[in-house]
Amino acid sequence: MTSALPSRRDEDWKHSDLRAALDGVAAPLSGEGNIIERLARAAGAFSARELADGDRDIVVDEIETTSFAPQAECVSVGAGGVYHRIVLQRGEGVALSSCRVRLGAGAVFRQFVIAEGARLARLETHVAVEGEDAEVELGGVYLCGADRHADLTSVVSHGAARGRTRQLVKGAARKGGRGVFQGKIIVEHAAQRTDARQHHKGMLLEDGAEIFAKPELMIFADDVACAHGNAAGGVDRNALFYLRSRGVAEGEARALLTEAFLLDALPAWAPPDVRAEIEARISVWLRGAP
Amino acid sequence: MLEVRDLRVSVGGAEIIKGLTLAVPSGETHAIMGPNGSGKSTFAYALAGRDGYDASGEARLNGEDILDLTPEARAAKGLFLSFQYPVEIPGLSAIAFLKAALNAQRKARGEAPMPAPALLKLLREKAATLNISDEMLKRPLNVGFSGGEKKRFEALQMAVLAPRFAILDETDSGLDIDALKVVAASVNAMRDSEHGLLVITHYQRLLDYIKPDKIHVLVKGRIVKSGGPELALELEREGYDKYLKAAA
């Protein structure tokens, strides 16, 4: 029954080979939603809820898989509601997560994801901007060490006027690690005066590291402000020499520069204890445990 | 203190420094002057150990050959290069940078890290003498700093790291006269019988404020003349033409 799983010929799964990763897992052939939502429903890990008009909520979701754990949630945010979501992912095996958010008028959804990957980790975010003047912020950092695969995939669909999206994803990969960023922003004809920006920057720390990026803007409205940028590169040699000339050893100089690059993507709205946890995970990933 | 003997430096296969010999004894300040393209910055980078600067010959700091050492090892031994173009590092605050640098040098010398309050006190004290505000210390390193601010910040790093031997590469470029006086005062405060200084400059102006004991003229990768401070005045008056012609 594994044939229900997408293969790498499926455009959305080109860089994450789910069929190979889930060899032997029976997947539901049909049902509502994307493959992660169907797998999560079959595993009893699907939730749906509503935030009433004007309500606020913050969720910190720690995903630590050992073998295979799909999870999915649907959240409908009423007019003027504010939903903050932070995902801290690490672990082994196959980690799959889908978050589907619908935004009413003036609603706000802010998300930050830190993913250290797994054999395969795919964290999907789907946002439907249904009310006018809604705001979306999607931040992320992926850290892919040897044999780690982290895939941050998102679709933001603007269907109402004057929406605003800000997306900033940064990542780093070492030899044998693979980072994937797929970000799609759709601006429907009705979504006039949408203001959307998407930026992804990846850092390849060693030869043999891989980063794949597929940024997409699909614009069907004519009165919009949209921009995107995508870049991948290594540590800046001038900066590296500057730090070393001041006495900082090469390994620590690289860690400091990579850390500075990544911390730029951290959100100002994260609670201080969560921010400290994110900073600690980045530092440990770069330098090993203290 | 610094002894350079028959130094040759190639960058990308091209020889830029072609047999340079120079000695700066402890307690002295020397200046290297030369026209554009004479190899002044290449010499400075090679001494600091930049990747891709292929150096042969000898360069001894306090008797120890440093040419095979990493840049960080040279720094720990007390060598400091004030950059002509300090590098902007987004996301790394000036405070965090100086803390990392100072403690890395202490670690390499087998000393304990400086406790944070002492470090902050030292930073503020030195920053005050250079008119550098607390707010500037918290900003990302050199990002959005003016040319003069970057050079003042180089001087701050020098004051905090307290090197035994410092090379100032075109420290006067980008500085207005007031900032130049402030930077020169900070540099001069470090001059004593234990320290050495090599000032690389295009113009005589800087040498009015940091007075050298000796001046060397660098043309096409070689020192073509050495003399006392009066040599700077001659160069200011007559330019480098006669040396360029002689070297051609």
Side-chain angles (χ1 to χ4, degrees), chain A residues 112 114 139-141 143 168-172 199-203 205-207 229 231 233-268 270 275-276 278-280 282-283 285-288 290, chain B residues 44-53 66 69-94 96-109 111 113 140-143 150 153-154 156-158 160-163 166-167 169:
Chain A
F112 179 80
I114 178 167
V141 164
L143 308 166
L168 175 62
V169 174
K170 289 193 164 187
H199 291 279
H200 165 257
K201 283 185 190 169
M203 205 181 254
L205 299 183
E206 293 165 358
D207 287 346
V235 169
D236 180 69
R237 288 166 58 95
N238 287 329
L240 188 63
F241 173 61
Y242 192 57
L243 261 69
R244 294 181 72 189
S245 79
R246 297 298 180 249
V248 182
E250 183 177 1
E252 177 59 17
R254 286 181 183 276
L256 273 172
L257 291 171
T258 311
E259 190 170 44
F261 163 80
L262 295 169
L263 290 180
D264 180 44
L266 263 58
R275 188 185 166 96
I278 295 166
E279 289 176 355
I282 291 172
S283 180
W285 188 80
L286 287 168
R287 301 178 173 92
Chain B
Y45 281 146
L47 286 179
R50 188 171 187 132
D51 274 356
Y53 285 63
I66 58 169
L69 299 180
T70 60
E72 55 269 33
R74 298 180 200 203
K77 293 197 179 295
L79 185 71
F80 180 88
L81 169 64
S82 171
F83 281 55
Q84 181 178 6
Y85 302 109
V87 182
E88 299 189 1
I89 305 186
L92 182 61
S93 76
F97 169 75
L98 269 167
K99 185 175 166 218
L102 186 66
N103 283 332
Q105 290 198 17
R106 290 173 70 99
K107 188 179 170 191
R109 292 193 290 257
E111 299 163 15
L141 187 64
N142 290 325
V143 177
K150 285 179 183 170
F153 207 81
E154 293 290 291
L156 173 66
Q157 293 175 45
M158 182 174 154
V160 169
L161 297 172
I167 304 162
D169 188 6

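In the text below, chain A, chain B and the rest are named by the order of the sequence lines, each starting its count at 1.
Both the backbone and the side chain of A:Asn238 come within contact range of chain B, judged by heavy atoms closer than 4.5 Å. Neither the backbone nor the side chain of A:Leu240 comes within contact range of chain B; no heavy atom of the residue lies under 4.5 Å from a heavy atom of that chain. Only the side chain of B:Leu161 comes within contact range of chain A, with at least one heavy atom under 4.5 Å from a heavy atom of that chain. Proximity to chain A (any heavy atom under 4.5 Å) is restricted, for B:Phe97, to the side chain, taken from C-beta onward. For B:Leu141, the part lying under 4.5 angstrom from a heavy atom of chain A is the side chain only. B:Arg50 touches chain A through backbone and side chain together, each having a heavy atom under 4.5 Å away.
By the 6.0 Å contact criterion, CZ on A:Arg237 is open, its count of non-hydrogen atoms from other residues, nucleotides or ligands being 12 or less.
Counting all heavy atoms, side chain and backbone alike, A:Leu256 lies closest to B:Ala100 at CD1-CB, 3.7 Å. For the pair A:Asp236 and B:Val87, the tightest heavy-atom approach, listed with the atom from each and the gap, is OD2-CG1, 4.3 Å.
For B:Lys150, the side-chain contact (heavy atoms from CB on, under 4.5 Å) partners at least two apart in sequence or on another chain are B:Pro86, B:Glu88, B:Asn142, B:Phe145.
Within residues 241-252 of chain A, the residues approaching chain B closer than 4.5 Å by heavy atoms are, in numerical order, A:Phe241, A:Tyr242, A:Leu243, A:Arg244, A:Ser245, A:Arg246, A:Gly247, A:Val248, A:Ala249, A:Glu250.
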